[in-house]
There are 2 protein chains.
Amino acid sequence: MQIAELEQRTGVNRHTLRYYEKAGLLQEVERRGNNYRDYPEKAVERVAMVRQLKALGFSLREIREVLDALRSDSIDCEQGAVLMAEKKAAVDDKIRELKQVSALLGREQQRLEDSAAALREEGRCKG
Amino acid sequence: MQIAELEQRTGVNRHTLRYYEKAGLLQEVERRGNNYRDYPEKAVERVAMVRQLKALGFSLREIREVLDALRSDSIDCEQGAVLMAEKKAAVDDKIRELKQVSALLGREQQRLEDSAAALREEGRCKG
DNA sequence: CTAAAGGGTAGAGTATGCTCTAAGGTCAAC
DNA sequence: GTTGACCTTAGAGCATACTCTACCCTTTAG
Ligand SMILES: [Zn+2]
Ligand SMILES: [Zn+2]
Ligand SMILES: [Zn+2]
Ligand SMILES: [Zn+2]
């Protein structure tokens, strides 16, 4: 498919798609005789994955490392497994910390709700 | 305390500390007669929280919103509770997605390990 | 043939979040 | 009173990740 279709199907700006390609995030981008890019179907999925990981806070560099390892044999299997384990550990650590943040936000939400209720019912503010 | 101490105790560059203050992330920063900043003890904790949230992928703007609400009564209690609920929902969504990523990375790690083992034992590569 | 739509590259511009430099004021020690 | 450590502001510079402009080529439709 041409870049316009990929842009339309992923919602990602074509300049950004070219930028991702230059950054090594999109490989297997063929060129037609006229030098136009010709993306495979799975590029849609690939771009979606990049965007999801990006939204979760991964840098393009990190995303590239993971995608490279997923496309195994680009590097050694054993080395790839180590990289995956490292990334997984980082993600799991992040999950743990986010759970703490979630709990904190939940407590604060409760506190503010209680305070708002007290304000309504007793005309005073506790928080 | 003066900026050098806060810098030393938090490990955050003094330029960054001033930048955070300008961005509204650090309030209650007094000035001494000589115009030097005078931070309260809890600024250490505050900066640590900013750094943690930042490392988890929050933008400074988001961090500011949360900290403002935590310092309640700066905005309405009810409104603060709503903001907390929204932030918590976003964090929980992020946790769910990160769990999916963690599972994916775990599967890939296993696949690559299996492949590496097969390569060692049978002289072939499956992945 | 020509216009319009779509593609290409190179490079400029923008937003965020630092990080550092320049120029100068303050203060304690000697 | 001079040195040196510490502070101030303003603004430059940098990395990341886009986003857009300029300018030119290709394809398709009339
Ligand atoms: Zn941690
Ligand atoms: Zn209140
Ligand atoms: Zn989601
Ligand atoms: Zn292999």
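For clarity, every value in this text was computed on a predicted model and none was experimentally measured.
- For DNA chain C, the contact window with chain B, defined by any atom under 4.0 Å from a protein heavy atom, covers C/dG17 to C/dC27 in 5' to 3' order.
- Not one side-chain nitrogen or oxygen of A/Lys54 sits closer than 4.0 Å to the OP1 or OP2 atom of D/dT16.
- Both A/Tyr20 and A/Leu70 belong to a single network of hydrophobic side chains, linked directly or stepwise wherever heavy atoms of I, L, V, M, F, W or Y lie under 4.5 Å apart.
- A salt bridge does not link A/Arg18 to A/Glu21: none of the charged nitrogens lies less than 4.0 Å from a carboxylate oxygen.
- Here D/dT8 presents its C1' atom at 11 Å from OH of B/Tyr39, a figure rounded to the nearest Å.
- When heavy atoms are screened at a 4.0 angstrom cut-off, A/Arg51 is found touching the sugar-phosphate backbone but no base atom.
- Nearest heavy atom pair, residue A/Leu67 against residue A/Leu25, reads CD1-O, 4.0 Å.
- Following rounding to the nearest Å, B/Lys22 (NZ) and D/dT8 (P) show an atom-to-atom distance of 12 Å.
- Applying the 4.0 Å criterion to OP1 and OP2 of D/dC7, one finds that B/Arg14 has a side-chain N or O inside that range.
- Taking the side chain as every heavy atom from C-beta outward, A/Arg111 and A/Asp114 never approach each other to under 4.5 Å.
- Side-chain nitrogen and oxygen atoms of A/Arg32 include none within less than 4.0 Å of the OP1 or OP2 phosphate oxygen of D/dC25.
- Checking B/Arg61 against A/Arg37, the closest nucleotide of DNA chain C that is more toward the 5' end is the one next to A/Arg37.
- Of the two residues near DNA chain C, A/Ile3 and B/Tyr19, the one whose nearest nucleotide lies more 5' is A/Ile3.
- If you measure from atom NE2 of B/His15 to atom P of D/dA15, you get 17 Å, rounded to the nearest angstrom.
- Within a 6.0 Å radius of CD in B/Glu62, other residues, nucleotides and ligands contribute more than 12 heavy atoms.
- The interatomic distance linking A/Leu17 (CG) with D/dT19 (P) rounds to 11 Å, in whole Å.
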Which pairs, protein N/O on one side and nucleotides 27-30 of chain D N/O on the other, fall under 3.5 Å?
residue	atom	partner	partner atom	Å
D/dT27	OP1	A/Asn34	ND2	3.3

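- Side-chain contact between A/Leu119 and B/Glu78 is absent, with no heavy-atom pair separated by less than 4.5 Å.
- The line from CZ of A/Arg120 to OG of A/Ser115 is 10.0 Å long, rounded to the nearest 0.5 Å.
- When the C1' atom of D/dC18 is taken as reference, atom CD of A/Glu21 falls 16 Å away, rounded to whole Å.
- Under a hydrophobic clustering in which Ile, Leu, Val, Met, Phe, Trp and Tyr are joined whenever their side-chain heavy atoms come within less than 4.5 Å, directly or via other members, A/Val91 and A/Val82 fall into different clusters.
- Placement of A/Met1 and A/Tyr36 in two distinct hydrophobic clusters is found when ILVMFWY residues are connected by side-chain heavy-atom separations under 4.5 Å, directly or transitively.
- When the nucleotides D/dA17, D/dC6, D/dT9 are ranked by their closest atom to the side chain of A/Ser59, D/dA17 comes out on top.
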